[in-house]
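Here is the structure we will look at, set down as structure tokens.
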Amino acid sequence: MSDALQQEQLVKEIPPKAADLSAWYTAVCLKAELVSYSPVRGCVVLRPAGFGMWENLQKHLDERFKATGHENAYFPLLIPESLLTKEAEHVEGFAPEVAWVTEGGQEKLEERLAIRPTSEVIIGVMYAKWIQSHRDLPILINQWANVLRWEKATRPFLRTMEFLWQEGHTAHATAAEAREETERMLDVYQDFAENVAAIPVYAGAKSASERFPGAVETFSIEALMPDGKALQSATSHDLGQNFSKAYDITFADANQQIQHVYTTSWGMSWRMLGAVIMTHGDDRGLRIPPKLAPIEAVFVPIVRGGDTSTVEKAHELAKGLRGAGYRVRVDDRDYTPGWKYSEWEMRGVPLRIEIGPRDLESGSVTVVRRDKSKGEDGAKTSVPFGELPAKLRELLDAVHDSMYAQAKAFLESHTFVVSDRDEFFTKCRERAGMIDIAWCGRPECEAEVKTATSATTRNTRALQTPGAKCVACGEPATVNAYFAQSY
RNA sequence: CGGGGCGUAGCUCAGCUUGGUAGAGCGCUUCGUUUGGGACGAAGAAGUCGCAGGUUCAAAUCCUGUCGCCCCGACCA
């Protein structure tokens, strides 16, 4: 490594992001203490720094769920085998990755119990008991839970055997209502991704082969990672009457007819945090979007000649900011200021507040933005003590906006509207980004593209040019689709 | 689940080819001096060499098995 490169590499043991995204990603997850590998294969410990991000994700999503009329509940972790096997497609889809409990205490169980890979089944069974009349509908419930899928290869956040997520499960009287709900929650996810996680996404419908097992239609939001691979960040499923028929969820309608309900399910997992890490991080480490940051601003007091008045002032200002609703911390540990700067940058704290003798004298603090590089215009701002509470809000919003703008610029510069077949295949193979084409929608066509390029449809939307032919195969196109290799 | 790589101190790794006293840097502890971009000095602590067998007078080193992790594929959120 050249001297220049060595100097650039500010954070020890974090390799440059552009050179090897995988190595960078793993190093950041570990060094920023988001996760730790555990003695259990494929399972990670979510450490306080990581859990803090999860809590903020929960808070923002949950308030959106509540605002759209949903309530939280909790269902059992274990699902009897006989119940699981009723919806054929669903079972087939999940069978390879279900873990089973076969013994309890000293006894061998007469019936195996599945550890939930998802909860459509157990929730469907309960809904069948609870729903009698059209007056009982809709049911709008969400649960925050862990699930387990027996994965072969795992990576922190992106794929672990046990993971945290939320799963919403709703039941409706009509197909139209269920579809409306499915699309509403997709909008919620898109809103969350863009306005909380600062990640622009493409929202749309999944192709048949990418659909959730047992769903009539699956929608997703898809984000683009720096290596040109897409990351499915949340899904929303219209389950039609597939589950209500399998689990006999019926109600008497206003005309005294027995009808099967229409159900939906929708989920976002801690995988979203993986998207946040990869999208926003840089060579100095993590950059957490302010709304997800466990610590929004960290005070670094500079002590000179044993005079700790800057430390006292930092605590005083921090107290005031907490009172104003901010999540702040004072780093009064016995390390040098320079060490602390690097440390908190690596951990991704959006704002650093320096307070040294010079600041004390001028009655102000120096606020440094994590989203800007060193020496960049606007990276440092001097803020008088009294203006700190108001100014902090402004700066945090600015950080969010600039992070979103950067991610948006990346997505847009790596989205290609392609109408030439060769170019389409080349771009897919090269992992160029989101490749937008007019597409026929045929599974055989998608399979051919996948075999040739490893890319698949991420999601689809209405055909943009009426009468267009499929760019991949030449048949009449029915939709526009984003193709990309995916995580 | 296929292909490749790696498990030695908290971290990054050397030592293994050719068996013979357990190593370095960083970090950690104590004391002192320091503190506006990863401070300096002195003293100190720390490893059943992933685990289990085997070969040998003797194994971190050779052999077999096993577990785990990383990367690339296939599969999935």
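Nothing here was measured: the structure is a model prediction, and the numbers come from that model. The figures here come from the full heavy-atom set of this structure, side chains too, leaving out hydrogens, waters and symmetry mates. Chain identifiers are assigned alphabetically (A, B, ...) following the order of the sequence lines, protein sequences preceding nucleic acid strands; residue numbering begins at 1 within each chain.
- Distances from the side chain of A/S22 to the nucleotides B/C71, B/G73, B/G36 place B/C71 closest.
- Contact annotation: A/S486 side-chain N/O to B/C75 OP1/OP2 distance is not under 4.0 Å.
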*A/F212/A/F94 under ring pair (Phe, Tyr, Trp, His ring centres under 6.0 Å): CA gap, chis, key distance, verdict*: CA-CA 10 Å; A/F212 179 75; A/F94 280 101; 5.8 Å; yes
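- Here A/K450 reaches the OP1 or OP2 of B/C75: one of its side-chain N or O atoms lies under 4.0 Å away.
- Summarising the geometry, the separation between CH2 on A/W339 and C1' on B/C28 is reported as 12 Å, rounded to the nearest angstrom.
- There is a side-chain donor-acceptor pair under 3.5 Å between A/T170 and A/T264.
- Contacts of A/D20 with the nucleic acid, taken as non-hydrogen atoms under 4.0 Å apart, are absent.
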_Could you walk me through whether A/W266 and A/F65 satisfy the ring pair (Phe, Tyr, Trp, His ring centres under 6.0 Å) test, starting with their C-alpha distance in whole Å, then the side-chain angles of each, then the deciding distance to 0.1 Å, before giving a yes or no?_
CA-CA 11 Å; A/W266 27 274; A/F65 294 159; 5.0 Å; yes
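- The phosphate of B/C71 has OP1 or OP2 within less than 4.0 Å of a side-chain N or O from A/R155.
- When only modelled atom types and interatomic distance are considered, A/Q232 and A/S220 share no side-chain donor-acceptor pair under 3.5 Å.
- A/F299 places its CZ atom 19 Å from the P atom of B/G36, with the value rounded to the nearest Å.
- A/R352 comes within 4.0 angstrom of a base, heavy atoms only.
- Using the six-membered ring where Trp is involved, A/W165 and A/F163 have ring planes that are perpendicular, over 60° apart on the 30 and 60° scheme.
- Using a 4.0 Å heavy-atom criterion, one finds that A/G274 contacts no nucleic acid atom at all.
- Closest to the side chain of A/S342, out of B/C71, B/G73, B/G37, is B/G37.
- Set against B/U34, B/G37, B/C1, the side chain of A/E345 has B/G37 as its closest nucleotide.
- Using a 4.0 Å heavy-atom cutoff across all strands shown, A/R304 reaches at least one base atom of the nucleic acid.
- For A/Y335, no side-chain nitrogen or oxygen approaches OP1 or OP2 of B/G37 to under 4.0 Å.
- When the side-chain nitrogen and oxygen atoms of A/T26 are compared with OP1 and OP2 of B/C71, one or more of them lie within a distance under 4.0 Å.
- Between A/T336 and the phosphate of B/A39, there is a side-chain N or O to OP1/OP2 separation shorter than 4.0 Å.
- At a cut-off of 3.5 angstrom, the base of B/G38 holds no donor-acceptor pair with the side chain of A/R284.
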